[in-house]
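These values consider heavy atoms only, across backbone and side chains, with no hydrogens, waters or symmetry-generated copies. We number each residue from 1, following the sequence as shown.
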Amino acid sequence: MSLTGPQDLTASGSRAPRGATGTEAKPSTPTRKPKPPKPENAVTIGVSARVLFNMETEQQIYEQQGLEEYIRYQVEHEAQPFSPGPAFSFVKALEAVNAQLRELYPESEELFDVVLMTNNHAYVGLRLINTINHHQLFIERFCMTGGNSPIGYLKAYHTNLYLSADPVKVREALEEGIAAATMFTPEKMTEVSETQLRVAFDGDAVLFSDESERIYKAHGLDKFFEHEKAHENKLLDHGPLKGFLEALGKLQKKFYGKGQRMECPIRTYLVTARSAASSGTRALKTLRSWGLEIDEALFLAGAPKGPMLEKIRPHIFFDDQMFHVEGAAEMGTVACHVPYGVAQRVTRREMNGGETSSAPK
């Protein structure tokens, strides 16, 4: 995508949810909002405009008619709110957790803080603000870069997780050491909890490094099992989303400290293709060594992940392989692709007749 275009206008294949957008937004700014936490104290989630809201119509205008017509359309419709996008329910769940944290720890700034990261121009800002107020979201921090990539600002915002529909920007963020994923939208999204945040992770090349995945890709399943057995007491190195799981665990412990382990509004899941008996030991020992607790661990031994995710109903699921992302989306789960590790190079060679490309499809 040209750097002069709006955020994520070349997002690959995501289908925005359908919803009425004819309702006029109330442009007045709500009062009595809670004070946002300092970035260094918060768990900061950077979301692009294209995953938070449905901007499919606007994307088509940009692609077919150009930037100036895109801006003109946005200004003419700035009182018309966008409908929710794939990250919307996730953000609402973050706010529900914040409400409960504020009740338990009124003075604490250890909260989720959502930052809207977009390379849209300021002309579009009023419509985004009106939409946020219309949906009663608590998003006070904006990063609008007017055509430039927002990736350079992620570290300045102390970003713990970045979500976008643009795989190129996601790769840039990962290269900067920021946990990041490309978010896709199922045709019909499964209903999710409004009071409990549920986050599901794949293991290898997501929470863990791709060390074991490399063995499997190079030598096959039998050698993979042999390698895991021989190294079951050697800890796996960390993957790109370990830090985000750590951040979730830190907030979980605040609820545990108030005797609310069973009522904790954050629940985490490991959903892995590993087999429990053959290769699960190393994964669990690694998590334990990190001091991290996964609430539920599902070892599927190669079985499809979609049906399990349909039962879990997570707000968000992270996987490094598009096969599993697509399978999850088919079952109604909002899934994110983490373009990290050896599986990405294999996939790109296969898709380009032996040649690599700069970004996953």
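With sequence neighbours excluded, no residue satisfies side chain to side chain donor-acceptor pair (under 3.5 Å) with K155. Evaluation of the salt bridge (charged side-chain N to carboxylate O under 4.0 Å, His left out) rule for E296 yields R267 as partners, not counting sequence neighbours. By the side chain to side chain donor-acceptor pair (under 3.5 Å) test, E109 is found to be paired with N41, residues two or more places apart in sequence or in another chain being considered. Taking the side chain to side chain contact (heavy atoms under 4.5 Å, CB included) definition, one finds that E95 meets it with V91, K92, L137, F138, sequence neighbours left out. The side chain to side chain donor-acceptor pair (under 3.5 Å) search around E263 returns none, not counting sequence neighbours. A search for salt bridge (charged side-chain N to carboxylate O under 4.0 Å, His left out) contacts involving K250 returns E110, not counting sequence neighbours.
In terms of heavy-atom proximity, P86 sits nearest to M189 at CA-SD, 4.1 Å. Residue I266 comes nearest to Q196 through the heavy atom pair N-CG, 4.4 Å, listed as atom of the first residue, atom of the second, then distance. Taking both residues in full, the closest heavy atoms of L154 and A173 are given as CD1-CB, 3.7 Å, listed atom of the first, atom of the second, then distance. Among all heavy-atom pairs drawn from P81 and A79, the shortest one is CD-O, 3.6 Å. Between R50 and A165, the shortest heavy-atom contact is CB-CB, 4.4 Å.
Summarising the local packing, OH of Y153 is surrounded by 12 or fewer heavy atoms from other residues, nucleotides or ligands at distances under 6.0 Å. Around atom CD of E40, more than 12 heavy atoms belonging to other residues, nucleotides or ligands sit under 6.0 Å away. Atom CD of E76 sits in a crowded spot, with more than 12 heavy atoms from other residues, nucleotides or ligands closer than 6.0 Å. In Y123, the OH atom is not crowded: 12 or fewer heavy atoms of neighbouring residues, nucleotides or ligands sit closer than 6.0 Å.
One finds no salt bridge joining R72 and E68 here, because no Lys/Arg side-chain nitrogen approaches an Asp/Glu carboxylate oxygen to under 4.0 Å.
Taking CG from N119 and OG from S48, the interatomic distance works out to 9.0 Å, rounded to the nearest 0.5 Å. If you take CG on L292 and OG1 on T286, they are separated by 10.5 Å, rounding to the nearest 0.5 Å. Rounded to the nearest 0.5 angstrom, N133 CG and I129 CD1 are separated by 7.5 Å. In this structure, the separation between OG on S164 and CD1 on I151 is 7.0 Å, given to the nearest 0.5 Å. Here the CD-CD distance, from E175 to E172, works out to 7.0 Å after rounding to the nearest 0.5 Å. To the nearest 0.5 Å, atom OH of residue Y73 and atom CD of residue Q60 are 10.0 Å apart.
F255 and L111 fall within the same hydrophobic cluster, defined by Ile, Leu, Val, Met, Phe, Trp and Tyr side-chain heavy atoms under 4.5 Å apart, directly or through other members. Both F142 and V114 are part of a single hydrophobic cluster, where members link through side-chain heavy atoms under 4.5 Å apart. Under a hydrophobic-cluster definition in which Ile, Leu, Val, Met, Phe, Trp and Tyr are linked whenever side-chain heavy atoms come within less than 4.5 Å, directly or via other members, V192 and L163 are assigned to different clusters. Linking Ile, Leu, Val, Met, Phe, Trp and Tyr whenever their side-chain heavy atoms come within less than 4.5 Å leaves I316 and L298 in two separate clusters.
Contact check for E58 versus Y62: no side-chain heavy atoms found under the 4.5 Å cut-off. Annotation: side chain of M117 is in contact with side chain of Y162 (closest heavy-atom distance under 4.5 Å). V115 has its side chain within reach of T44: a pair of non-hydrogen atoms, C-beta onward, lies under 4.5 Å apart. With a 4.5 Å cut-off on side-chain heavy atoms, C336 and F184 do not count as touching. For the pair M144/L116, no side-chain contact is recorded, criterion being any heavy-atom separation below 4.5 Å from C-beta on. L300 has its side chain out of reach of T272: every pair of non-hydrogen atoms, C-beta onward, lies at least 4.5 Å apart. With a 4.5 Å cut-off on side-chain heavy atoms, Q64 and Q59 do not count as touching. No side-chain heavy atom of D166 sits less than 4.5 Å from a side-chain heavy atom of T182.
As a member of the Ile/Leu/Val/Met/Phe/Trp/Tyr network built from side-chain separations under 4.5 Å, Y256 groups with nothing else and remains a singleton.
Between the side chains of H134 and Q80, no donor N or O sits under 3.5 Å from an acceptor N or O. No side-chain donor-acceptor contact under 3.5 Å links Q100 and R102.
Residue pairs meeting the salt bridge (charged side-chain N to carboxylate O under 4.0 Å, His left out) criterion with at least one member in residues 268-284, sequence neighbours excluded: D204-R274, E211-R282, E228-R274, E228-R282. Residue pairs satisfying the salt bridge (charged side-chain N to carboxylate O under 4.0 Å, His left out) criterion with at least one member in residues 135-154, sequence neighbours excluded, are listed as follows: K33-E140, D113-R141. Judged as a ring pair (Phe, Tyr, Trp, His ring centres under 6.0 Å), the pairs with a partner in residues 267-293 (not counting sequence neighbours) are, in order, F208-W290.
No donor-acceptor distance shorter than 3.5 angstrom exists from the side chain of H315 to the backbone of F88, with no hydrogens or angles considered. Counting only distance, with no hydrogens or angles, the side chain of R313 and the backbone of E191 share a donor-acceptor pair below 3.5 Å. A distance-only check finds no donor-acceptor pair linking the side chain of E78 to the backbone of V124 [under 3.5 Å].
A cation-pi contact, defined as under 6.0 Å to the ring centre and within 45° of the axis, links R127 to F82.
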Please tabulate, one pair per line, all N/O donor-acceptor pairs under 3.5 Å involving side-chain atoms of residues 317-334, not counting sequence neighbours.
from: D319; atom 1: OD1; to: Q321; atom 2: N; distance (Å): 2.9
from: D319; atom 1: OD2; to: K305; atom 2: NZ; distance (Å): 2.6
from: Q321; atom 1: NE2; to: E213; atom 2: OE2; distance (Å): 3.2

Taking only distance into account, with no hydrogens and no angle test, what donor-acceptor pairs under 3.5 Å do side-chain atoms of residues 234-246 form with protein atoms, sequence neighbours excluded?
from: K242; atom 1: NZ; to: E246; atom 2: OE2; distance (Å): 3.4

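Of the options L197, N160, L161, a side chain to side chain contact (heavy atoms under 4.5 Å, CB included) to F112 is made by L197 and by none of the others.
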